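Below is one structure, written out as structure tokens, with a few remarks after it.
Quick caveat, the model's predicted, so the values are computed rather than measured.
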Amino acid sequence: MKLTWVIPTFGFFSLLALTFSCKPKDLGTTISGDAAAKVYVAPGQKDEFYSFVSGGFNGQMSVYGIPSGRLLRIIPVFSQFAESGYGYSEETKPMLNTSNGFVPWDDSHHIALSTTKGEHDGRWVFINGNNTPRIARVSLKTFRTEEIIELPNSGGNHSSPFLTANTEYAVAGTRFSVPPDEVADVPISSFKENFKGYLSFVKIDKTSGRMSIGFQLKTPAVSFDLSRCGRGVSDGWFFFSCYNTEQANTLLEVNASQKDKDFILAVNWKKAEEYLKAGKGKKEPAEYAHNVYDERTHSATSTMIKEVMTLDPKDCPDMLYFIPCPKSPHGCDVDPTGEYIVGSGKLAAVIPVFSFSKMQKAITAKKFDGEFESIPVLNYEAVLHGEVQKPGLGPLHTEFDGQGNAITSFFVSSELVKWNIEKLEVLDRVPTYYSVGHLSIPGGPTMKPHGKYVIAYNKITKDRYLPTGPELAQSAQLYSIDGNKMQLLLDFPTVGEPHYAEALPAALVEPNSVKFFKLEDNFHPYVAKGEKESKVVRKGKEVHVYMTSIRSHFAPDNIEGIKVGDEVYFHVTNLEQDWDVPHGFAIRRANNAEILIMPGETCTLKWIPSKAGIVPMYCTDFCSALHQEMQGYVRVSPANSNVALRWGTGVNLDEEAKVSLK
Ligand code: RUQ
Ligand code: CUA
């Protein structure tokens with residue numbers, strides 16, 4: 001490998017940063033006359049696409065309608081979320097459990113919509129937890145996080161989650177190589193001996209979507225950045241961009257930018273499966289949480305798993321190959337046919353496009369340029385389809401329009417560039433306002449892009465919107481791509497920092513959307529399926545309130561006999577059996593949160609009264625004209641009092657209250 005650009009390279013990038021402000025010259029305020037009509041979704045009309053957008057450092061996912069850019073929902077995944085009580089209710093707390101205990105906030109980057117035969121199937125959306133390495137699965141029926149699995153031996157789960165064409169696996173590559181969890185305490189300077197890269201292959205059950213770690217590949221210690229699976233001709237393969245092949249452990253901005261070329265790692269995962277079957281895997285000790293939300297009990301459980309299957313490439317020849325790729329590649333994207341693999345070297349001056357069939361030939365003919373830690377390095381020229389010349393500065397990500405073209409985002413030169421994959425010719429470029437990271441074409445990463453629009457997800461959006469103090473909204477920009485020229489149609493602010501986003505036709509999701517949960521299918525251990533079943537049960541200091549809510553009262557709404565220091569659980573079942581009639585529940589002096597209960601669901605708020613007195617509780621979600629009347633009282637008595645436990649709704653407790661026998 002050439003080492004020509006050692007110092008000049010660092011200078012080159014700094015120079016880029018200095019000379020190119022991220023702000024294009026024209027402010028992009030003049031857009032053509034019919035732009036508004038193209039994104040106008042009239043009142044009462046619905047959008048054509050759902051777009052699932054990562055919330056970045058907020059650890060959530062948000063859902064927008066496209067083309068209007070209207071925010072429809074925020075789905076909490078890796079962070080507590082006050083709007084729904086996620087991570088606050090007793091039922092959802094286990095979702096945020098990890099080998100490091102309860103973690104209420106994470107950073108998310110990449111969205112992955114499930115596919116069947118390489119096309120969107122509208123079943124699930126996956127997203128990564130970056131800091132505490134995890135993958136989550138969200139149901140597109142309920143728009144709720146159903147499952148989270150932690151990944152051992154990983155640090156910074158960035159290259160994640162990427163799905164195989166039939167959603168057999170979600171894969172995840174570690175961004176920070178680290179020593180295996182079991183060998184944790186080593187000198188940092190022993191990077192080359194002790195650190196490893198780990199690629200996790202998380203199996204996904206065909207019907208239930210349930211995740212389990214199939215195996216982890218132990219690879220040389222590099223930083224895995226992004227990935228895509230093969231499809232069509234390259235089905236059975238995975239491609240991961242890697243940087244820091246210098247294996248630096250300090251000042252990476254210089255030390256990991258030394259080499260002229262880093263790598264794309266090509267993984268034959270079908271072969272890995274064969275090696276596993278042949279008994280080449282090793283079970284190693286590990287510790288990671290697997291959290292599952294069960295729709296029947298409306299509750300999550302967290303299980304700690306103690307071992308993981310690993311495969312060492314040393315025992316598995318012909319499974320991994322390195323493709324040299326200029327220079328610190330970020331995005332690694334595979335075109336809809338599966339033949340072309342696009343590496344976006346964020347410090348490179350060209351976009352290299354690799355050919356899968358050439359790669360196969362090069363492997364057979366053993367056209368290798370040596371090895372990197374015993375993994376063959378393919379000859380660059382032998383696997384190269386060609387390079388896109390002068391595409392722009394700082395290429396990051398590429399999506400496909402399904403018409404044989406690719407569109408790449410350029411962070412440094414702040415633009416989207418469209419180019420032809422076969423001919424490698426630049427066809428069109430448009431400015432973005434300002435620094436674009438990811439981009440998204442509906443269906444763009446699948447075998448059948450839906451096309452029509454490209455959305456640029458921009459950072460550093462100075463003066464694009466009304467100022468809001470030191471922090472500004474990040475911005476999505478929607479362009480039409482169905483004409484010859486890309487045309488800017490709309491700006492809309494986003495929640496958090498959008499990294500990746502993926503959009504699919506509403507028709508794949510809308511018909512399956514759950515309207516409410518059937519009460520008869522509610523198997524929550526503390527459900528009350530009617531007001532008659534509402535009750536208060538004391539077990540020592542623990543008090544369980546089996547409460548119901550219906551427009552516009554709670555049962556019970558008067559409770560006495562609660563004592564200071566009790567551990568009170570309000571298990572509220574929403575008896576409504578109609579769409580969009582949630583009830584909320586809040587009680588004074590709760591130091592946890594409020595809860596929001598969907599029709600047919602049971603949700604639990606834990607409350608430890610700290611003072612004697614009369615404590616009001618009420619519904620927090622405007623549910624009827626008499627919402628303001630939806631309230632009640634709890635009498636809290638001193639710890640040593642002998643006020644009887646009694647409760648009711650619409651009765652005088654002194655005359656006809658229900659009294660607990662316990
Ligand atoms: S990475 S720009 Cu995770 Cu490109 Cu967001
Ligand atoms: Cu129930 Cu407001």
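Of the possible polar contacts, none joining the Ser108 side chain to the Ser54 backbone as a donor-acceptor pair under 3.5 Å is found. A side-chain donor-acceptor contact under 3.5 Å links Asn291 to the backbone of Asn97. A donor-acceptor pair is defined here as one N or O able to donate and one able to accept, closer than 3.5 Å; such a pair exists between the side chain of Thr468 and the backbone of Glu471. At least one donor-acceptor pair under 3.5 Å links the side chain of His158 to the backbone N or O of Asp225. In this structure a side-chain-to-backbone donor-acceptor pair under 3.5 Å is present from Asn166 to Lys117. Looking only at distances, no side-chain donor or acceptor of Ser79 sits under 3.5 Å from a matching main-chain atom of Gln60. In this structure, Glu601 contributes its side chain and Met598 its backbone to a donor-acceptor pair below 3.5 Å. No donor-acceptor pair closer than 3.5 Å links the side chain of Ser475 to the backbone N or O of Thr461. No donor-acceptor distance shorter than 3.5 angstrom exists from the side chain of Ser200 to the backbone of Val202, with no hydrogens or angles considered. Using modelled atom types, no side-chain atom of Ser208 and backbone atom of Asp205 make a donor-acceptor pair closer than 3.5 Å.
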- prompt: Do Thr132 and Thr98 pass the side chain to side chain donor-acceptor pair (under 3.5 Å) test, and can you show the C-alpha distance, the side-chain angles, and the key distance before you say yes or no?
  reply: CA-CA 8 Å; Thr132 303; Thr98 72; 5.6 Å; no

- request: Could you give me the CA-CA distance, side-chain angles and deciding distance for Glu339 and Val334, then say whether side chain to side chain contact (heavy atoms under 4.5 Å, CB included) is met?
  value: CA-CA 7 Å; Glu339 168 63 10; Val334 179; over 6 Å; no

- request: Evaluate the criterion side chain to side chain contact (heavy atoms under 4.5 Å, CB included) for residue pair Ser328 and Leu347; output intermediate values, then yes/no.
  value: CA-CA 6 Å; Ser328 300; Leu347 305 182; 4.0 Å; yes

- request: Check step by step if ring pair (Phe, Tyr, Trp, His ring centres under 6.0 Å) holds for Trp269 and Tyr169.
  value: CA-CA 10 Å; Trp269 62 265; Tyr169 289 100; 5.4 Å; yes

- request: Report the C-alpha separation of Asp262 and Cys242 in whole Å, then their side-chain angles, then the decisive distance to 0.1 Å, and conclude whether the side chain to side chain contact (heavy atoms under 4.5 Å, CB included) test is met.
  value: CA-CA 6 Å; Asp262 292 281; Cys242 331; 5.6 Å; no

Salt bridge (charged side-chain N to carboxylate O under 4.0 Å, His left out) between Lys46 and Glu510, worked out: CA-CA 10 Å; Lys46 290 174 192 151; Glu510 193 184 356; 3.3 Å; yes

- prompt: Can you list the steps and then say if Arg123 with Leu140 is a side chain to side chain contact (heavy atoms under 4.5 Å, CB included)?
  reply: CA-CA 5 Å; Arg123 302 211 288 167; Leu140 291 183; 6.0 Å; no

task: Could you please spell out the steps behind the ring pair (Phe, Tyr, Trp, His ring centres under 6.0 Å) verdict for Tyr64 and Phe492?
output: CA-CA 10 Å; Tyr64 293 82; Phe492 57 96; 5.4 Å; yes

message: Could you walk me through whether Phe517 and His298 satisfy the ring pair (Phe, Tyr, Trp, His ring centres under 6.0 Å) test, starting with their C-alpha distance in whole Å, then the side-chain angles of each, then the deciding distance to 0.1 Å, before giving a yes or no?
response: CA-CA 10 Å; Phe517 301 106; His298 301 292; 4.9 Å; yes

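Side-chain contact, Asn157 with Asn128: no donor N or O sits under 3.5 Å from an acceptor N or O. Side chain to side chain, Asn458 and Gln477 meet the donor-acceptor criterion of an N or O pair below 3.5 Å. Between the side chains of Thr115 and Glu119, no donor-acceptor pair is found at a separation under 3.5 Å. Residues Glu415 and Ser413 have side chains that bring a donor and an acceptor to within less than 3.5 angstrom of each other. Using modelled atom types, one finds no donor on one side chain facing an acceptor on the other under 3.5 Å when comparing Lys93 with Gln80. For the 3.5 Å distance criterion, the side chains of His583 and Glu576 qualify, holding a donor opposite an acceptor. For the residue pair Asp463/Tyr434, the side-chain donor-acceptor check at 3.5 Å is satisfied.
Rounding to the nearest 0.5 Å places CE of Met486 at 10.0 Å from CG of Asp401. Atom CE of Met61 sits about 4.0 Å away from atom CD1 of Ile127, to the nearest 0.5 Å. Within the model, atoms CD of Glu387 and CZ of Phe354 stand 8.0 Å from one another, a figure rounded to the nearest 0.5 Å. In this structure, CZ in Phe126 is found 9.5 Å from CG in Leu113, a value given to the nearest 0.5 Å. Taken to the nearest 0.5 Å, the CG atom of Asp294 stands 11.0 Å off from the CD atom of Glu147. From Ser139, atom OG reaches atom CZ of Arg144 across 9.5 Å, with rounding to the nearest 0.5 Å.
The closest side-chain heavy-atom distance from His499 to Lys459 is below 4.5 Å. Considering only heavy atoms from C-beta on, Leu151 comes within 4.5 Å of Ile213 through its side chain. Residues Leu265 and Leu199 are in side-chain contact: their nearest non-hydrogen atoms beyond the backbone lie under 4.5 Å apart. With contacts defined as side-chain heavy-atom distances shorter than 4.5 Å, the pair Trp419/Ile407 does not qualify. Using a 4.5 Å cut-off on side-chain heavy atoms (C-beta onward), Asp491 and Tyr465 make contact. Counting only heavy atoms from C-beta outward, the side chains of Val171 and Ser160 never approach each other to under 4.5 Å. Contact check for Ser409 versus Leu396: side-chain heavy atoms found under the 4.5 Å cut-off. For the pair Leu489 and Tyr453, the minimum side-chain heavy-atom distance is below 4.5 Å.
In terms of heavy-atom proximity, His120 sits nearest to Thr446 at NE2-CG2, 3.4 Å. Between Tyr243 and Lys346, the shortest heavy-atom contact is CG-NZ, 4.3 Å. Scanning both residues, Thr398 and Leu439, for their nearest heavy atoms gives N-CD2, 4.0 Å. Considering every non-hydrogen atom in both Tyr198 and Ser154, the closest pair reads CB-OG, 4.5 Å. Nearest heavy-atom pair across Gly584 and Thr620 is CA-OG1, 3.2 Å.
Environment of NZ in Lys38: crowded, with over 12 heavy atoms of neighbouring residues, nucleotides or ligands closer than 6.0 Å. Residue-environment remark: CG (Asn484) stays at or below the threshold of 12 foreign heavy atoms within 6.0 Å. Open room surrounds CZ on Arg73; 12 or fewer heavy atoms of other groups in view lie less than 6.0 Å from it.
One finds a salt bridge joining Arg134 and Asp106 here, because a Lys/Arg side-chain nitrogen approaches an Asp/Glu carboxylate oxygen to under 4.0 Å.
Both the sub-6.0 Å distance and the 45° axial angle are not jointly satisfied by Lys452 relative to the ring of Phe49.
Between His385 and Tyr340, the gap from one ring centroid to the other is short of 6.0 Å. Remark: aromatic rings of Tyr88 and Tyr86 are distant, center separation not under 6.0 Å. The six-membered or imidazole ring of His438 lies near that of Tyr500, with a centre-to-centre distance under 6.0 Å.
Relative ring orientation between Phe52 and Phe143 is described as tilted, the plane-to-plane angle lying within the 30° to 60° band. Between His110 and Phe162, the angle of the ring planes lies from 30° to 60°, which puts this pair in the tilted group.
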